[in-house]
*Asks:* 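Let me begin by handing over the structure; questions about it come next.
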Amino acid sequence: INVSSKNLLAVLVSFRVSESASGKQIRKTFNELLSYADKNKVSIILCEKIDRLTRNLKDAASVSDWINEDSQREVHFVKESFIVNKNTRAHENLVWDMKVTIARFYTNNLSEEVKKGQKEKIAQGWCPTRPIVGYKTVGEKGHKIHIIDEEKAPLVRKMFELYATGNYSMRLLAKEMAKRGLTNQPSGLPVSTSQIEQILKNPFYYGVMRVKGKLYPHKYEPLISLHLFNKVEQVIASYNKKNFKRTNKPYIFRGLITCKKCGYLISPEIKKGKYVYYHCTNYHGNCDNVVWIKEEELLEQIKTVLQGLKLKPWQAEELKSELRAIHEAEKVYYEKNLGAIKNKLETIDRRLKIMYEDRLDGRITTDEYDKTVKDYKSEQQRLLMEYEEHSQADENFYIIANKLIELSSRAWELFESSELEEKQQLLNFLLQNSYLQGKNALFELKNPFSGILEYAKSGSLLRTLNEIRTFFSENPNAEF
């Protein structure tokens, strides 16, 4: 309806302009509307209110340009009984400009309020964004919160544990998690390699959220411990330092052996289309340890090492017996620690309640309260993680110890029967600081396998027990 004359007007097409008016976004529908009016020689645009059509100066200028191109063109703002055209008088143009300015103020103010609300939400420990993989949203609009996703959370936790072993690249881990059923929501597609990396580097999973480069403690239940997160970071850092040439073809010893002379990695190459050789890259051109060694020769040498890990039946039983005794002693230690942690948590709860009353009664300021609560919450979160680690440690100690003994006794058998990528994973798990000197491979075993090898040779038990305890304290949820 033409608001000035009450004449009926034919509506050719309707546009719903609902996009954000932020300068960082393009109001696609708004542009489509003006384009349609140009192409179809539309002379009148009807709009509910000014702030529905123009919320920034750029939009207002576009509307003015469209009007001034033809004396027949008009924009009618129905609710405000206001018409803008080429012949609009000066005082009406002033009203138009003022209304555009007010609409722009409304948009800017709304944006500021949203940012202020988000900042307050973050300060209180709530996440202002969508839930990440492993969490889900529950509740009604305006009262939604993120909680742990019972289906995906165990898979995300397992992802961190697997990568922390050092046996997986991001690509292999993506394949493994796809096999285990980890998918995106709501698409249902497997997580990609790039997503795996994002997840492993996200501190949200251990209890803090990263917002614009800063870390803030959050109130959601963590999926992993800070210790596990730090271990994953170490593996990522060490993997990035491996300066081997990327290739689609996997090699058993790629990235595992270093030249004893110059310190650069030994590179694999294929000769005659089927024979795999390893040699020093001789990066600086002055290494005198450049020898070519067949993969079969390296396999023979690693066979000797892996077979040396096999314990005699009486040795395996003796080791298990000692570990059972250690486990009983560890149980007492963990139970004692759990009690101490529980007491500390109860103390923090009591102090938080007292502080809240002090704030209400004006005995402390809001700023003092917020700062102290933040400190207490951080300590509370650390204690909860420690409590969880101690609980899991009590359950997992003997299980992991038995698996270590089983793996050692079957190391060569498992290696021989594995696929190529599984061979790489096994060697990554067992070996460290391995060198090539001439045609001799100097394989060094990680803890506790170095101790198990020594025990198998000499019967020296103390070193083996200490290494197993150290391994367990660093890998309470190891999987192999």
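Because the structure is a prediction, the values reported are computed rather than measured. Residues take their numbers from the sequence shown, with the count starting at 1. Worth knowing before you read on, the calculation uses all heavy atoms, side chains too, and leaves out hydrogens, waters and symmetry mates.
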*Asks:* How about Y168 and V235: do any of their side-chain heavy atoms sit closer than 4.5 Å?
*Replies:*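 No - every pair of side-chain heavy atoms lies 4.5 Å or more apart.
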*Asks:* Run the side-chain donor-acceptor check on residues 296-303: report pairs under 3.5 Å with partners two or more places apart or on a different chain.
*Replies:*
{"unit_1": "E297", "atom_1": "OE2", "unit_2": "K294", "atom_2": "N", "d": "3.4"}
{"unit_1": "Q301", "atom_1": "OE1", "unit_2": "A441", "atom_2": "N", "d": "2.7"}
{"unit_1": "Q301", "atom_1": "NE2", "unit_2": "K439", "atom_2": "O", "d": "3.0"}

*Asks:* Does this structure show an ion pair linking K201 with E197, if we count only N-O contacts that are shorter than 4.0 Å?
*Replies:*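 Counted as a salt bridge, because a side-chain N and a carboxylate O are separated by less than 4.0 Å.
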*Asks:* For the pair T464 (side chain) and G451 (backbone), establish whether a donor and an acceptor sit closer than 3.5 Å, ignoring hydrogens and angles.
*Replies:*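 Yes; judged by distance alone, with no hydrogens or angles, the pair exists.
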*Asks:* Find the distance between CZ (F160) and CG (N202) and round it off to the nearest 0.5 Å.
*Replies:*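 Taking CZ in F160 and CG in N202, the distance rounds to 7.0 Å.
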*Asks:* Is any side-chain heavy atom of Q424 closer than 4.5 Å to one of L427?
*Replies:*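 Heavy-atom side-chain distance check fails, nothing below 4.5 Å.
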*Asks:* With a 6.0 Å cut-off on the ring centroids, do Y205 and F229 count as close?
*Replies:*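 So the answer is no for these two rings.
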*Asks:* Does CD in E151 sit with more than 12 non-hydrogen atoms of other residues, nucleotides or ligands closer than 6.0 Å?
*Replies:*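 Counting neighbours around CD of E151, 12 or fewer heavy atoms of other residues, nucleotides or ligands fall under 6.0 Å, so no.
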*Asks:* Does the side chain of F253 reach to within under 4.5 Å of the side chain of L436, using non-hydrogen atoms?
*Replies:*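 Result no, sub-4.5 Å side-chain heavy-atom pair not found.
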*Asks:* Is there a side-chain contact between K158 and L155, using heavy atoms and a 4.5 Å cut-off?
*Replies:*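 The answer is no, as the side chains (C-beta and beyond) never meet within the 4.5 Å cut-off.
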*Asks:* Quick one, Y278 with E295, criterion side chain to side chain donor-acceptor pair (under 3.5 Å). Give me CA distance, side-chain angles, the key distance, then yes/no.
*Replies:* CA-CA 7 Å; Y278 292 81; E295 190 168 78; 2.6 Å; yes
*Asks:* Looking at every non-hydrogen atom in both residues, tell me the closest pair between I405 and A316 and how far apart they are.
*Replies:*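 Nearest pair, atom of I405 first, then A316: CG2-CB, 4.2 Å.
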*Asks:* Taking the side chain from E422 and the backbone from E419, do they hold a donor-acceptor pair closer than 3.5 Å?
*Replies:*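 Side chain of E422 to backbone of E419: a pair is present.
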*Asks:* With K274, which residues qualify under salt bridge (charged side-chain N to carboxylate O under 4.0 Å, His left out), at least two apart?
*Replies:*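 Per chain and number, K274 pairs via salt bridge (charged side-chain N to carboxylate O under 4.0 Å, His left out) with no residue.
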*Asks:* With a 4.5 Å cut-off on side-chain heavy atoms, are L445 and L309 touching?
*Replies:*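 When only atoms from C-beta onward are counted, L445 and L309 do touch, with a gap below 4.5 Å.
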*Asks:* Passes side-chain contact (heavy atoms from CB on, under 4.5 Å), L319 versus L465? Steps please.
*Replies:* CA-CA 8 Å; L319 187 53; L465 293 172; 3.7 Å; yes
*Asks:* Enter the distance from M170:CE to M159:CE here, rounded to the nearest 0.5 Å.
*Replies:*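 The CE atom of M159 is 10.0 Å from CE of M170, to the nearest 0.5 Å.
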*Asks:* For A153 versus I148, what's the shortest heavy-atom pair and its separation?
*Replies:*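 A153 and I148 have their closest heavy atoms at CB-CG2, 3.4 Å.
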*Asks:* Determine the minimum heavy-atom distance between S192 and A174, stating which atoms define it.
*Replies:*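 Smallest interatomic distance, heavy atoms only, reads C-CB, 4.3 Å.
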*Asks:* Side chains of I147 and T137: does their closest heavy-atom pair fall under 4.5 Å?
*Replies:*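 With C-beta onward as the side chain, the pair stays apart.
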*Asks:* Run E368 and T365 through side-chain contact (heavy atoms from CB on, under 4.5 Å) and show every step you take.
*Replies:* CA-CA 5 Å; E368 289 173 328; T365 66; 3.1 Å; yes
*Asks:* Test side-chain contact (heavy atoms from CB on, under 4.5 Å) on I224 and E161 and set out the steps.
*Replies:* CA-CA 9 Å; I224 62 169; E161 291 169 359; over 6 Å; no
*Asks:* Please identify each residue that fulfils salt bridge (charged side-chain N to carboxylate O under 4.0 Å, His left out) with E150, with sequence neighbours left out.
*Replies:*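 E150 satisfies salt bridge (charged side-chain N to carboxylate O under 4.0 Å, His left out) with K136 once adjacent residues are dropped.
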*Asks:* Less than 4.0 Å between a side-chain N and a carboxylate O, is that true for K403 and E406?
*Replies:*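 A salt bridge is absent here (no side-chain N lies under 4.0 Å from a carboxylate O).
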*Asks:* Can you name the closest pair of heavy atoms from V156 and G134 and give their distance?
*Replies:*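 The answer is CG2-CA, 4.0 Å.
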*Asks:* Shortest non-hydrogen contact from L162 to M177?
*Replies:*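 Heavy-atom minimum between the residues: CD1-SD, 4.3 Å.
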*Asks:* Compare all side-chain heavy atoms of F449 with those of L404 and state whether any distance is below 4.5 angstrom.
*Replies:*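 Yes - at least one pair of side-chain heavy atoms lies under 4.5 Å apart.
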*Asks:* Which distance, rounded to the nearest 0.5 Å, do you find between the OH of Y135 and the NZ of K152?
*Replies:*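 Reported to 0.5 Å precision, the distance equals 14.0 Å.
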*Asks:* Check the side chains of E444 and S450 for a donor-acceptor pair under 3.5 angstrom, ignoring hydrogens and angles.
*Replies:*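 The criterion, which ignores hydrogens and geometry beyond distance, is not satisfied for E444 and S450.
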*Asks:* Where the side chain of R157 meets the backbone of L223, is there a donor-acceptor pair that is under 3.5 Å apart?
*Replies:*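 Yes, the answer is positive, given that a donor and an acceptor are paired below the 3.5 Å cut-off.
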*Asks:* Is any side-chain heavy atom of L407 closer than 4.5 Å to one of F429?
*Replies:*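 Contact flag for F429/L407 side chains = yes.
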*Asks:* What's the spacing between S267 OG and I257 CD1 if we round to 0.5 Å?
*Replies:*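 One gets 11.0 Å once the value is rounded to the nearest 0.5 Å.
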*Asks:* Could you give me the CA-CA distance, side-chain angles and deciding distance for L173 and L200, then say whether side-chain contact (heavy atoms from CB on, under 4.5 Å) is met?
*Replies:* CA-CA 11 Å; L173 189 57; L200 293 176; 4.0 Å; yes
*Asks:* Please say whether more than 12 non-hydrogen atoms of neighbouring residues, nucleotides or ligands are located less than 6.0 Å from NZ in K344.
*Replies:*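 No, NZ of K344 has 12 or fewer neighbouring heavy atoms, counting only those of other groups under 6.0 Å.
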*Asks:* For N447 and Q432, run side chain to side chain donor-acceptor pair (under 3.5 Å): C-alpha distance rounded to whole Å, both residues' side-chain angles, the deciding distance at 0.1 Å, then the answer.
*Replies:* CA-CA 9 Å; N447 291 345; Q432 64 180 1; 5.5 Å; no
*Asks:* From S408 OG over to I468 CD1, what is the distance, rounded to the nearest 0.5 angstrom?
*Replies:*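 Answer for the OG-CD1 pair, S408 versus I468, is 7.5 Å.
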*Asks:* When rounded to the nearest 0.5 angstrom, what is the spacing between CD1 in I266 and OH in Y251?
*Replies:*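 Output value for this atom pair is 15.0 Å.
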*Asks:* Hey, does the Lys NZ or Arg CZ of K423 hover above the aromatic six-ring of F415, less than 6.0 Å from the centre and inside 45° of the axis?
*Replies:*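 Yes - K423 lies over the ring of F415, closer than 6.0 Å to its centre and within 45° of its axis.
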*Asks:* Quick test of your reading of the model: are E176 and R180 salt-bridged, counting only N-O distances below 4.0 Å?
*Replies:*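 Here E176 pairs with R180 in a salt bridge, since their nearest N and O are under 4.0 Å apart.
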*Asks:* Do NZ/NE/NH1/NH2 and the carboxylate oxygens of E421 and R171 come within less than 4.0 Å?
*Replies:*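 Salt bridge flag = yes for R171 with E421.
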*Asks:* Does Y275 OH have over 12 foreign heavy atoms under 6.0 Å away?
*Replies:*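 No, the 6.0 Å shell around OH holds no more than 12 heavy atoms from other groups.
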*Asks:* Ring centroid separation for F204 and Y220, is it under 6.0 angstrom?
*Replies:*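 Ring-ring flag for F204/Y220: true, centres closer than 6.0 Å.
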